[in-house]
Amino acid sequence: MFSMSRDTRQTLWRLLGGVGFVLLTVCVNVANLLLAKGMTRQREIAVRRALGATRRTIFMQLLTESFLLAMAGGLLGIGLGYSMLGALLAAMPRFTLPWAADTRLSLPVLLFTLATTTLAGLFFGCVPAWFASQTNQGGALKSGAQVGLGVGRHRLQQILVIGELALALSIVAGAGLALHSFANLINVDMGVRADHVLTFYLSVPKRQEAEPVNIAAYYRQMLTGIQAVPGMSSASAQTGTPLFPPGMTPFAVAGESVPDSDSSKLPRAGFRAVTPDFFKTFGVRMMEGRAFTEQDSSSNVKVAVVNEEFVRRFLNGDPLRARVWLQQSAEEAPIPAAFTEWQIVGVSHDTLSKSMREHIPEIQIPFWQSPSSDPVIAVRTAGNPDSMIKSIGAAVHSVDSAAILARPRTMEEIRNQVLASDRFSMVLFVSFGAIALMLATLGVYGVVSFSVASRRSEFAVRMALGANRMNLVSLVVRQGLSLAVTGLTVGLGGAYLLNQGMRSALFGVGHIDFAVLGGVALLLLLAALLACVVPAGRAASVEPMQALRTE
């Protein structure tokens with residue numbers, strides 16, 4: 001058995017909901033097309049009725065056609081899914097799914113997919129088949145009769161298109177919200193400068209881990225050697241990397257009671273041990289007080305730097321006069337054991353973590369006062385940090401021939417890794433939105449086009465009575481836009497509910513994102529207008545005498 005994180009489960013549920021919305025939009029579109037197709041087969045169905053076929057027989061025939069269409073679509077979709085699975089898994093960020101998750105196409109999944117598409121085809125094919133089976137036999141067999149459009153069927157087509165547009169607005173709004181959220185994440189103040197920074201680990205020989213004094217001396221020598229590399233601006237060692245959640249430690253503000261053994265009731269804050277150049281290397285600004293210096297060693301007063309979020313949550317008054325109690329490092333971990341007092345000497349700017357969504361209260365202490373045997377090394381370079389990996393590796397080897405430079409990554413790569421899940425979700429939602437927009441455009445086009453084909457005689461009479469071609473174009477366009485406006489009005493409610501449902505996954509987006517909703521509504525209106533262009537041109541090209549001659 002394996003477990004997923006809460007965020008991963010929510011992301012997968014949202015993506016499954018997006019798939020369901022797209023499937024529903026496809027089904028509505030197919031139902032609309034089947035309804036229009038059934039109307040064009042009125043004469044054929046009337047002939048079958050005249051030859052003895054019952055309405056039940058015709059209904060079952062049309063339903064069987066819908067079933068076969070759904071089966072063919074399901075099989076084709078399974079083939080496409082199989083071919084696209086590799087590309088999807090390659091694009092999916094690492095650790096999105098648990099390591100034990102089976103990502104192969106399994107037989108139960110295939111059967112479920114096929115059953116879903118088949119049932120959807122049958123369900124949405126029932127109404128068109130029923131309407132087609134109710135054909136007026138006498139009227140359809142009249143010589144020269146045009147394809148008619150009953151009031152009930154016409155309204156049903158309009159309702160289907162309105163529902164399709166409402167669904168499309170909800171899906172495209174979701175894509176717009178995901179895109180807006182991702183744009184906010186890219187432009188947010190991370191609290192660090194990601195340019196020209198390279199991070200890596202070192203494999204430290206076991207003999208260096210025996211005493212904190214040896215560890216501190218080892219990394220002092222290592223940082224000195226790395227800083228001597230030409231093109232190096234600064235180098236630092238720290239426990240953890242900014243943008244990733246830090247380790248959490250219990251603490252107490254001096255003056256409060258400190259439990260002797262039970263620390264479970266104490267508040268917790270992020271914890272990092274950093275060398276003095278940490279703030280310069282990552283570009284973390286000091287808001288008050290001072291940063292660490294080389295004089296902040298194990299033989300001097302224990303000092304700490306807290307971030308702005310820590311001050312907001314836990315401190316009142318001047319933070320530089322406050323002191324905190326922390327659990328001192330033990331051999332195996334950077335935090336447990338006895339409580340010791342640390343004097344706050346500075347306040348640093350917040351750095352984001354947890355997918356760049358949260359400000360976590362943090363406490364930094366000097367690395368030389370609490371050294372770790374496995375820190376992250378970070379360097380700021382004047383040029384491209386990737387091009388300096390070999391030079392840095394040579395400097396590391398010159399200090400310790402047994403040390404190996406491991407997992408080199410730039411801060412740009414780390415930022416992209418942190419944003420990978422949001423980027424992946426955004427791309428999928430935008431893809432769903434594009435599909436829904438295309439389907440809605442086709443739905444409007446189909447209804448308006450069929451309406452134009454069935455009203456040729458009406459258009460001919462209008463032109464014979466003095467209407468010009470622009471009047472007919474305006475008439476057809478108004479019909480399409482009226483459907484679009486109604487569908488968008490209905491869809492605004494769904495878009496609002498979707499906004500509320502996605503709020504926990506969005507960043508910097510309010511309860512109602514008027515910019516996204518307005519932009520999406522305008523986009524769908526333009527799509528509906530474009531869908532009316534070709535049918536309107538056909539209506540304007542009707543020749544009155546030729547159309548009336550065939551009536």
Side-chain angles (χ1 to χ4, degrees), residues 4-18 88 90-97 170-199 240-246 270 272 282-285 307-309 312 348-362 378 385 409-434 495-496 498-520 523:
M4 296 185 193
S5 68
R6 180 174 176 269
D7 291 341
T8 299
R9 285 197 302 270
Q10 289 183 346
T11 299
L12 293 178
W13 276 114
R14 291 187 191 98
L15 295 179
L16 183 61
L88 182 64
M92 184 177 293
R94 293 179 62 192
F95 310 119
T96 298
L97 297 176
S170 299
I171 302 173
V172 178
L177 292 171
L179 192 59
H180 190 191
S181 173
F182 188 72
N184 291 338
L185 283 171
I186 290 178
N187 297 319
V188 72
D189 178 13
M190 301 181 295
V192 299
R193 288 177 52 198
D195 59 300
H196 300 289
V197 177
L198 178 72
T199 67
T241 306
L243 303 187
F244 287 137
R272 283 194 177 96
F282 288 99
V284 179
R285 302 191 302 275
N307 67 348
E308 295 172 295
E309 185 67 16
R312 284 191 292 269
S348 65
H349 187 50
D350 290 337
T351 59
L352 293 179
S353 59
K354 287 192 176 180
S355 300
M356 305 225 289
R357 280 174 166 77
E358 293 186 22
H359 294 275
I360 296 178
E362 291 187 26
R409 293 182 297 179
T410 66
M411 281 300 293
E412 294 284 355
E413 292 173 335
I414 290 175
R415 184 182 70 169
N416 290 336
Q417 179 183 343
V418 171
L419 292 174
S421 180
D422 290 280
R423 182 183 293 106
F424 181 70
S425 299
M426 182 267 296
V427 169
L428 287 183
F429 274 115
V430 169
S431 301
F432 293 156
Y496 172 77
L498 188 65
N499 191 348
Q500 302 308 303
M502 293 179 62
R503 282 205 64 206
S504 61
L506 300 176
F507 180 81
V509 178
H511 288 278
I512 303 178
D513 195 326
F514 291 102
V516 168
L517 291 181
V520 167
L523 180 63

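Quick caveat: nothing in here was measured; it's all calculated off a predicted structure.
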- Note on the structure: Closest non-hydrogen atoms of Phe182 and Met426, given as atom of the first, atom of the second and distance, are CD2-CE, 3.7 Å
- Query: To the nearest 0.5 Å, what is the distance between NE2 (His349) and CG (Asp189)?
  - Reply: 4.0 Å
- Task: Under the ring-ring contact (aromatic ring centres under 6.0 Å, His included) rule, collect the residues that match up with Phe282, sequence neighbours excluded.
- Result: Phe278
- Message: If you define the side chain from C-beta out and look only at heavy atoms, does anything of Met411 sit under 4.5 Å from Thr199?
- Response: yes
- Item | Side-chain touch Asn307/Thr351, heavy atoms, less than 4.5 angstrom | no
Atom pairs and distances, side-chain donor-acceptor, residues 427-434, under 3.5 Å, sequence neighbours left out:
from   : atom 1 : to     : atom 2 : distance (Å)
Ser431 : OG     : Val427 : O      : 2.8

- Task: Kindly compute the distance separating CD1 (Ile186) from CG (Asn416), expressed to the nearest 0.5 Å.
- Result: 8.5 Å
- Item | Considering all heavy atoms, the nearest Ser170-Ala495 contact | OG-N, 3.6 Å
- Which residues satisfy the salt bridge (charged side-chain N to carboxylate O under 4.0 Å, His left out) test with Glu412, sequence neighbours excluded? Arg415
- One should read off an interatomic distance between Glu362 CD and Ser348 OG, to the nearest 0.5 angstrom, of 7.0 Å
- Task: Rounded to the nearest 0.5 Å, what's the gap from CG on Leu419 to CG on Leu243? Could you check?
- Result: 8.5 Å
- Item | Test side chain to side chain contact (heavy atoms under 4.5 Å, CB included) applied to Val520 and Leu523, Val516, Leu517, the passing residue | Val516
- Query: Do Arg312 and Asp350 come within less than 4.5 Å of each other through their side chains, counting heavy atoms only?
  - Reply: yes
- Note on the structure: CG (Asp513) and OH (Tyr496) are apart, to the nearest 0.5 Å, by 13.0 Å
- Query: Would you call Pro242 and Val284 a side-chain contact if the rule is heavy atoms closer than 4.5 Å?
  - Reply: no
- Item | Taking every non-hydrogen atom, the tightest pair across Thr410 and Pro385 | CG2-CG, 3.8 Å
- Identify the heavy atoms of His359 and Glu309 that sit nearest to each other, and give their distance. O-CG, 3.5 Å
